[in-house]
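A, B, ... follow the sequence lines: proteins, then strands. Residue 1 opens every chain. As a basis for the values below, the full set of heavy atoms in this structure was taken, side chains included, without hydrogen atoms, waters or symmetry mates.
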Amino acid sequence: MQSPAKEVVVDKTGRAPSIHDVAAHAGVSHQTVSRVLNGFVGIRPATRARVDQAIIDLGYRRNLTAWTLATGRSHTIGLVGPEKPDIGPLSSLHAVERAAREAGFHTLTTSSGPEANQIRGALEFMMSRSVDALVVIAQQESVQVAAEDTLGQMPVVQLLSGGQPRDSSVSIDQRVGVEVIMDHLTGLGHSLIQHVAGPLDFAEAIERRDAFTNYVSQHGLVELPVIEADWSSDAGYAAGEHIDHRATAVFCANDQTAFGLMHALADLGRRVPEDISVAGFDDTPEARHSTPPLTTVHQDFERVGQLAVAHLVARLDGVSPPSDVPLVPWLVERSSTGPLRLAGARASRLLNVRD
Amino acid sequence: MQGGIVTATRRGPSMHDVAALAGVSHQTVSRVINGSSNLRPETRDRVQAAIDELGYRRNMAARALVTGRTHSIGVLTPGEPNLGKMRSVHAVEQSARDAGYFPLVTSAAADSESIGKALDFLMDRSIEGLVVIAPHASVLDQVAKLDVDFPVVTLQTGGYDETHAVAVDQASGVEAAVAHLVAMGHNRIQHVAGPSDYFEAQLRRDAFEAAVVEHGLEVFPVPTGDWSVGSGYECGKLIAPEATAVFCANDQMALGLIHALVSAGRRVPDDVSVIGFDDIPEAAHSLPPLTTVHQDFEAVGRTAVAHILTQIRDAPIEPLPASTPWLVERESVRRV
């Protein structure tokens, strides 16, 4: 076994310089030092250079072997994902894996169904594998409850949980995402917009649905029934026959649903976007190449993964985690949405409906 | 704080802590934990009270030394994640859970050193069996060096070794795709290949070239993508004007390719037929819906886990037959 002592540089007080000493020397917060040490992007080069210089001046070194021996840490982050890996969970898990690897951590992933006994079993199993911290994809309430019960035992971050709990989750602002899509559609003249929701026991499906209905009532748009689907393109296809004949635009809760819906609309002889506009949510790689290419909302899963790891590393280092302000998604405008057309029979039918 | 007094060193309480609190030896604690019947009830109660008070969590690695059972199956996925790997991993996870095992998945960079380290890391986690997604020669080389006493199964190797490779018969899938195009009157078929360092990409390409010879088809250059929809779009720009059909090495590249063809004014399937490979859920809903070859990832996952469980139980193992993929006809192929 390596001797940890010989690699630690000790200052004249007889104490190895700490992360706080580096922070004081560089004139930055200890969180910033932690982020530099853990290789995170988004730090100004001048700041990074100051921290690097302080590290050299003080001979600071976070010796991983010593750290593991002293703390009993294994340098492993455990990930618990859902049994059915949709694009959001998969992208988030991969982003966490990459960020963890960059920060010098191993990852171990397991998966579980949402039933309380299943998820508790998976969390117990993961904690017994000597992991230092956990990332839990907590889309459903049963998973969130189980994950919160583990909080006293090790640092835990929840993802895709609708931003809950506030102090230990990393999230993307779903309301903003829905608003940018709805602003885009209303800006094109649409006021008859229907929503195909995700499964309504998923926090983010609920958030998107609520943001949609709030927007509709606040802007005085026509209320059309919300159709519930299950994130899959098959369910999007099935939703096609339930689209209200008055709707001129459809906002789907994810891209997969939108692909299936566009297929159904094509089968029904309705052109996208000439007859009806379709928008998605996520910005999957396929969205750029669907027929037509899909207007959607980009969720930055890479950043979610980086922030999740930054949060856990800060907690392990005993410093306060970076702020938990939700990330802001953005509109990606492609060809599946277009201006409202009120031509010929369709226009008169719409006008009759409005009368 | 719930469940557990954590000592100053942030280590969880150990079996020795439990023994000290209960005033018994650690062997006694161990016997209680492992359900030994030869204990006085009051001793058992005292140990259980100490376990509850300290929030002691049984270390599964230590327990495994005693019982030999951890009920976990390790899975290694090297390289960048892609849909094919993920579907295999998902199928293995599902089958492992169904069998009462926890899947324990770790990833690694694609180089030999990272793969070797990740294998060591998993083996330190007391797994009872190991599934390695081994699409590259570099991964198989590391697997070949393993000297372990638990069962190992490899996936996505194209079936190079029937003692531990669970495979889908790539050649028969390609033959089904090409035979379908030929039956629909095509003899100018171009192939878009996957990255050549993947066994399955190379096998599909080899099988395609063999079919070209067998059916006496025209020979075209083979653009190579990286499995992604974006690379399919780029390859789509390279399709020969005289080709009447394209066989893509996976569905995602086929989706990107269709976008490129349509953007260039070539209709699918009216002007060019397109066929994919995999049958991803979105293939049923692309425009036009994609004709493709279905790979049964779920069956592969079940077979892999069953093969491991058979060996754990010391039952006789049988050679692993490759599963046969099948053609799924949709609307992206037209008769000429």
B:L122 side, atom CG; A:R129 side, atom CZ - distance, nearest 0.5 Å: 10.0 Å
Evaluate side chain to side chain contact (heavy atoms under 4.5 Å, CB included) for A:R288 paired with B:V229, printing each intermediate quantity in order. CA-CA 9 Å; A:R288 184 187 292 270; B:V229 63; over 6 Å; no
Please state whether the side chain, the backbone, both or neither of A:E97 comes within less than 4.5 Å of a heavy atom of chain B. side chain
Of the non-hydrogen atoms in B:P103 and A:T110, which two are nearest, and what is the gap between them? O-OG1, 2.5 Å
Top of A:L108, A:L90, A:L79, A:T107 for chain B proximity - count of heavy-atom pairs under 4.5 angstrom: A:L108
Nearest heavy-atom pair of B:S72 and A:F125: which atoms, and what distance? CB-CZ, 3.4 Å
Does any heavy atom of chain A fall under 4.5 Å from the side chain of B:A260, the backbone, both, or neither of them? neither
Between B:E93 and A:K84, does any side-chain N to carboxylate O distance fall below 4.0 Å? no
Applying a strict 4.5 Å limit to non-hydrogen atoms, the region of B:E282 in contact with chain A is both
Top contributor to chain A interface from B:A108, B:A109, B:S263, B:G74 [non-hydrogen pairs under 4.5 Å]: B:A108
Can you tell me which residue pairs pass the salt bridge (charged side-chain N to carboxylate O under 4.0 Å, His left out) test with a partner in residues 102-122 of chain B, sequence neighbours excluded? B:E113-B:K117
Please determine whether side chain to side chain contact (heavy atoms under 4.5 Å, CB included) holds for the pair B:H259 and A:T291, giving the CA-CA distance in whole Å, both sets of side-chain angles, and the decisive distance to 0.1 Å. CA-CA 7 Å; B:H259 181 207; A:T291 310; 5.9 Å; no
Specify which of A:A122, A:G236, A:P292 makes the most heavy-atom pairs with chain B at under 4.5 Å. A:A122
May I ask you to list the residues in residues 268-279 of chain B that approach chain A closer than 4.5 angstrom, counting heavy atoms only, ordered by number? none
Enter the distance from A:S112:OG to B:F102:CZ here, rounded to the nearest 0.5 Å. 7.5 Å
Begin from the C-alpha positions of B:H285 and A:F259 and carry the test ring-ring contact (aromatic ring centres under 6.0 Å, His included) through to its verdict. CA-CA 6 Å; B:H285 300 293; A:F259 299 145; 9.7 Å; no
Can you tell me which of B:S228, B:S286, B:A284 forms the most heavy-atom pairs within a distance under 4.5 Å of chain A? B:A284
Can you see which heavy atom on B:G230 is nearest to which on A:H289, and at what distance? CA-NE2, 3.7 Å
Pick one of side chain, backbone, both or neither for B:P288, based on which atoms fall under 4.5 Å of a heavy atom in chain A. neither
Distance, nearest 0.5 Å, that separates CD1 of A:I87 from CG of B:L83: 7.5 Å
Per-residue contact mode, A:P293 against chain B (heavy atom under 4.5 angstrom): side chain
Where on A:A264 is there a heavy atom nearer than 4.5 Å to chain B: the side chain, the backbone, both, or neither? neither
For chain B, which candidate among A:H106, A:Q256, A:E286, A:M262 shows the most heavy-atom pairs at distances under 4.5 Å? A:H106
Short question: side chain of B:H90, backbone of A:E83 - any donor-acceptor pair under 3.5 Å? yes
Okay, B:L257 and chain A: the region with an atom under 4.5 Å from a heavy atom over there is neither
Please name the pair of heavy atoms, one in A:S233 and one in B:P281, separated by the smallest distance, quoted to 0.1 Å. OG-O, 3.5 Å
Stepwise side-chain hydrogen bond (donor to acceptor under 3.5 Å, both in side chains) check, B:S107 with A:R101: CA-CA 9 Å; B:S107 58; A:R101 222 182 293 153; 3.0 Å; yes
